[in-house]
Amino acid sequence: MDPTAPRLAIVGGGQLARMSAAPATALGIHLRVLATAPDESAAQAIPDVVLGRHDDIDALLRVTDGCQVVTFDHEHVPPQHLEQLEAAGVAVRPGPSALFHAQDKVHMRQALSDLGAPCPRWRVAESLADVEGLAEETGWPVVLKTSRGGYDGRGVWVVADADEADAVLAQPLGAGARWLAEERIDFVQELSAQVARSPSGQAVAYPVVRTVQRDGICAEVVAPAPGLAAERAAAAQELALRLAGSLGVTGMLAVELFDDGDSLFVNELAMRPHNSGHWTIEGARTSQFENHLRAVLDLPLGDPRPVAPYAVMVNILGGDVGDLHGAYRHVLARDPGLKVHLYGKEVRPGRKVGHVTVVGDDLDDLLARGRHAADYFSGAIDE
Ligand code: ADP
């Protein structure tokens, strides 16, 4: 083992940590991952595994022991644990004061509003009257969200009237969570603007992409967002760079945006590599995973520019077929230009189990190829 290699701990054993293994290997960075089980996605790809939970301070101290820096596969580590890690001398990146804003949607909306970032109109809903008050300003429907614990659209409801709102508010909330009521934006497309920022303050911006969600889950991503005017794309990049600087983010930041045809509104922030940036593995000169590693280790950042006019990424969602590898012969033979990433996860209906990426000039062709492969993997088509 190279005793001079930087040592980086990653909390969380999902696919984001797993996809960090390849650039870490190339750069000679030693990764250690905190996973809940030896067969979790990242634990299959990173040999140095500590088993434990992200909310257990002993497990967090064990995974960071001997590591200079700790980063994350998700945003759920309790803030007091992050502070304890800092007190133990580990550089926490992104740090607790930045992550605070990605851990709770009410904190995030408040910080974004304070910074003058365009948001849907919103308020904390302590009762039905608060939701009705917002609806008087914005009209129905209104979006209700749990401030914490939601992901992939779980924890988000669009309510058409007060009765529906009442039924949603009657559900129990998780620890520390509140209800957030938001204006429903009638968007023409959803966008994501990703930047990497290092503790020294260097930052790079990736092309702004279009994301398509189905049932609250990201289904596909097109880079760059087709038809987005250059000045609006630049405005989104500038906003993401400004937010990364103002919030003190280190590592990757994804700013999810709604485009209603006239204006952009921030939906939410993710302070880690993000599904909207998987295309960068093949589609950009430096992937989001490599730039996240470089950024959290305070190394100079890599070139974020695309390598082709378009990249299309389509998620593989679990369907009826349990054996994803059974699809390889057909998918790989049919399209030698297609790149496949499987996450080593057991197939469950609707679960993100992998993705495919194609890059090139002809967007319609790329979309058709990417969708075909993802549908074949999930069993939606068989030829
Ligand atoms: P999660 O954190 O679970 O991903 P989000 O807050 O990103 O949840 O919401 C999931 C999806 O719900 C969004 O991608 C968007 O399609 C829809 N959505 C969320 N908030 C709004 C809103 N204010 N207006 C319109 N659609 C919304």
Side-chain angles (χ1 to χ4, degrees), residues 12 14-16 72-76 99-113 117-125 130-131 133-135 137-161 164-165 168 171 173-174 176-194 208-222 225 236 240 243 252-278 313 315 317 350-352:
Q15 65 263 27
L16 302 177
F72 310 94
D73 170 90
H74 58 70
E75 286 126 348
H76 306 312
L99 261 182
F100 177 77
H101 302 105
Q103 291 182 321
D104 184 299
K105 290 180 186 196
V106 171
H107 297 158
M108 183 196 67
R109 279 274 171 256
Q110 190 61 58
L112 290 169
S113 301
C119 290
R121 284 173 281 179
W122 66 277
R123 60 177 71 176
V124 175
D130 293 322
V131 185
L134 179 72
E137 281 176 32
T138 64
W140 297 95
V142 162
V143 181
L144 286 176
K145 301 183 178 184
T146 55
S147 65
R148 293 186 186 184
Y151 66 98
D152 284 349
R154 291 176 219 193
V156 176
W157 291 265
V158 180
V159 291
D161 53 35
E164 283 190 24
V168 170
Q171 300 178 92
L173 278 171
R178 289 182 281 177
W179 288 109
L180 170 66
E182 282 184 4
E183 169 183 14
R184 204 276 301 255
I185 303 292
D186 198 9
F187 55 77
V188 293
Q189 62 178 341
E190 291 187 73
L191 304 171
S192 172
Q194 280 192 297
V208 177
V209 303
R210 172 187 291 178
T211 65
V212 179
Q213 342 288 320
R214 271 182 222 117
D215 301 326
I217 298 186
C218 175
E220 73 189 25
V221 171
V222 180
L243 292 176
M252 289 296 304
L253 169 70
V255 182
E256 296 178 28
L257 298 152
F258 300 127
D259 173 5
D260 74 355
D262 294 318
S263 318
L264 300 179
F265 302 86
V266 179
N267 175 26
E268 66 172 343
L269 308 176
M271 296 182 190
R272 51 176 166 73
H274 189 249
N275 200 166
S276 64
H278 292 355
M313 188 282 326
N315 274 338
L317 298 180
R351 186 183 203 196
K352 287 180 194 169

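Because only heavy atoms are used, hydrogens play no part in the values below, and waters and symmetry mates are left out as well, while side chains stay in. For ligands, and for the atoms within them, numbers begin at 1 and follow the listed sequence. Fair warning: this is a prediction, and the values are worked out from it, not measured in the lab.
- In this structure, atom 11 (C) of ligand 1 has its sub-4.0 angstrom surroundings free of protein heavy atoms.
- A salt bridge links Glu137 with Arg123: at least one charged nitrogen is closer than 4.0 Å to a carboxylate oxygen.
- For Val142 against Ala135, the heavy-atom pair with the smallest separation is CG2-CB, 3.9 Å.
- Here Glu182 has side-chain heavy atoms under 4.0 Å from ligand 1, and that is the only part of it that gets that close.
- Ion pairing between Arg210 and Glu190 fails under the 4.0 Å rule for side-chain N and carboxylate O.
- Here the options are Cys119, Pro141, Pro120, the test is side chain to side chain contact (heavy atoms under 4.5 Å, CB included), and the partner is Glu183; only Pro120 passes.
- Under 4.0 angstrom from ligand 1, the non-hydrogen atoms of Asn267 all belong to its side chain.
- At a 3.5 angstrom cut-off on N or O pairs, Arg184 does not count as close to ligand 1.
- Under the 3.5 Å distance criterion, the side-chain polar atoms of Glu164 are matched with a main-chain donor or acceptor of Ala160.
- Nearest-heavy-atom check against atom 19 (C) of ligand 1 across Arg154, Arg214, Lys145 picks out Lys145.
- Looking at ligand 1, you won't find any N or O of Val156 less than 3.5 Å from one of its N or O atoms.
- At a heavy-atom cutoff of 4.0 Å, ligand 1 is contacted by the backbone of Glu183 but not by its side chain.
- Close contacts of ligand 1 with Phe187, meaning ligand atoms under 4.0 Å from a residue heavy atom, involve 16 (O), 25 (C), 26 (N).
- Under a 4.0 Å N-O distance rule, the pair Glu182/Lys145 qualifies as a salt bridge.
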